[in-house]
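Structure first, then comments.
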Number of protein chains: 2
Amino acid sequence: MTVSSISRRERKKAATRQAIADAALRLFLERGYDQVSIRDIADAADVSTTTVFKHFTGKEALVFDEDQDREAQLIAAVAQRTPGQSVLDALRRHVLDTWIPIETHPQRAEFTHLVDSTPELRAYAERMWTRHTKALAAAIADAFGADHDDLACAALARYVLEIPALARGRHDLQTAVETIFGILTHGWRPPITG
Amino acid sequence: MTVSSISRRERKKAATRQAIADAALRLFLERGYDQVSIRDIADAADVSTTTVFKHFTGKEALVFDEDQDREAQLIAAVAQRTPGQSVLDALRRHVLDTWIPIETHPQRAEFTHLVDSTPELRAYAERMWTRHTKALAAAIADAFGADHDDLACAALARYVLEIPALARGRHDLQTAVETIFGILTHGWRPPITG
DNA sequence: GCACAAAAGTGCAACGAGTCAACTAAGCTA
DNA sequence: TAGCTTAGTTGACTCGTTGCACTTTTGTGC
């Protein structure tokens, strides 16, 4: 009789992984990203440095532990949009509903500061989004029966995935997102001045 | 009496810099980026590794030796556009006139292949463009008397600077560029299928 | 012409990220 | 119990990158 469907081994593995991620985030927040070495993290989690790399692909990945199914969600947002809804609208909704809550989560403040104040992490965070460009482009193309490498679809995918990076730091995230989707929907218009 | 306006020192400095860059590019093309270490390059150029880093900020910078005044050209394209020409039009012209010739230069083929087949270099090349986002955004904002961090201007700057990355590899670069500028001008439209 | 400061270059040692191979130990399976 | 699998350890190693102390070259003021 097993307590859960996953084996003890799996649980222990997950535990050490979590211990490493926790130690890493704690140390990063305490001292700053550059002032913490992988060896520090390994010591704090009481594992060897090689074990750290068995669980995480690199130092930056330690910070973004839950990147997972973003891609699946993105594709689902397009493929399973409510009938009659345009692709652009579905993407707008998806960004508003999934990204903004994450970004404005109060506990997120110091984490956001850590990322913003470390160029290496900023770059990684942006690539985290844009890495899904190809998959999203294919999903959009599928929605219209177009070729998977259709240029317009690829451009839309990329431009949509840039939105978090563009909107980050604005006082009103919702308005910012809507503004950018306005550009993608109706074309760019000079800002109203005066 | 000096032979030219630049001192002998400057010339020697430029010479070693060039020797390093040449050795680097040659070795990279021969063996591939990852199979060449900085020490290899230093040996080939007959300098010490320390000297390499005195001339170049990092390994990737050895590949892109002439990044220089791209930013100045971009800003000039916006600020000194012919009267009556829209900003979008000026940027379209600038991309068509400066980027396409570089990209389609025949001698560029193996170089392009090197960059495309090395993820590290691909990422660096993209950042080379997007690094100028802030400056271009400010130039666009100036053109309309808007705030330097105006969101619409920042978005346009970013989207325009993404165009090289989006169009790269397409059979017809000119059409690709025009298509994407079409999106930015009139908004995104589903691709024509069938 | 000469002394002197700045700059260019060298050599060496070091640090941190990341990899590799050989090993130990724990959990799973039969 | 025996035996396979796999997480984790250990230690040495590569490579990019930096810092430091030192020598050589060059431009400048005297």
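Just so we're on the same page: letters track the sequence lines, and every chain starts at 1.
Side-chain atoms of B:Ser48 and base atoms of C:dC12 include no donor and acceptor less than 3.5 Å apart. With hydrogens and angles ignored, a donor-acceptor pair closer than 3.5 Å exists between the side chain of B:Arg39 and the base of D:dG16.
In this structure, A:Ser37 reaches the sugar-phosphate backbone alone: every heavy-atom distance under 4.0 Å involves primed, P, OP1 or OP2 atoms, never a base. Using a 4.0 Å heavy-atom distance criterion, B:Asp34 is classed as making no nucleic acid contact. Note on A:Val52: nothing from the nucleic acid sits closer than 4.0 angstrom, heavy atoms only. Nucleic acid contact class of A:Lys54 (heavy atoms, under 4.0 Å, all strands): base.
Between A:Arg31 and A:Asp40, at least one side-chain N (NZ, or NE/NH1/NH2) sits under 4.0 Å from a carboxylate O, which counts as a salt bridge.
Separating the NZ atom of A:Lys12 from the P atom of D:dT6 is a distance of 17 Å, rounded to the nearest angstrom. Taking atom NZ on A:Lys13 and atom P on D:dT9, their separation rounds to 14 Å, with Å as the unit. One can place CD1 of B:Ile41 at 10 Å from P of D:dT17, the figure rounded to the nearest angstrom. Whole-Å rounding puts the A:Asp40 CG to C:dG18 C1' distance at 16 Å. Taking atom NE2 of residue B:His55 and atom P of nucleotide C:dA8, one finds them 8 Å apart after rounding to whole Å.
One finds no side-chain N or O of A:Lys59 lying less than 4.0 angstrom from the OP1 or OP2 phosphate oxygen of C:dG16. Considering only side-chain N and O atoms, B:Thr16 lies under 4.0 angstrom from the phosphate OP1 or OP2 of C:dG9.
Other residues, nucleotides and ligands contribute only 12 or fewer heavy atoms inside 6.0 Å of the CZ atom of A:Arg8.
Geometric assessment of B:Lys59 against the ring of B:Tyr124 yields a negative cation-pi assignment under the 6.0 Å and 45° thresholds.
Separation of the B:Tyr159 and B:Trp188 ring centroids does not fall under the 6.0 Å cut-off.
When each of B:Thr50 and A:Thr49 is assigned the nucleotide of DNA chain C bearing its nearest heavy atom, the one mapping closer to the 5' terminus is B:Thr50.
Considering only side-chain atoms of A:Phe53, the nucleotide from D:dT17, D:dT9, C:dA17 that sits closest is C:dA17.
In this structure the side chain of A:Leu156 never reaches within 4.5 angstrom of the side chain of A:Leu136, judged on heavy atoms.
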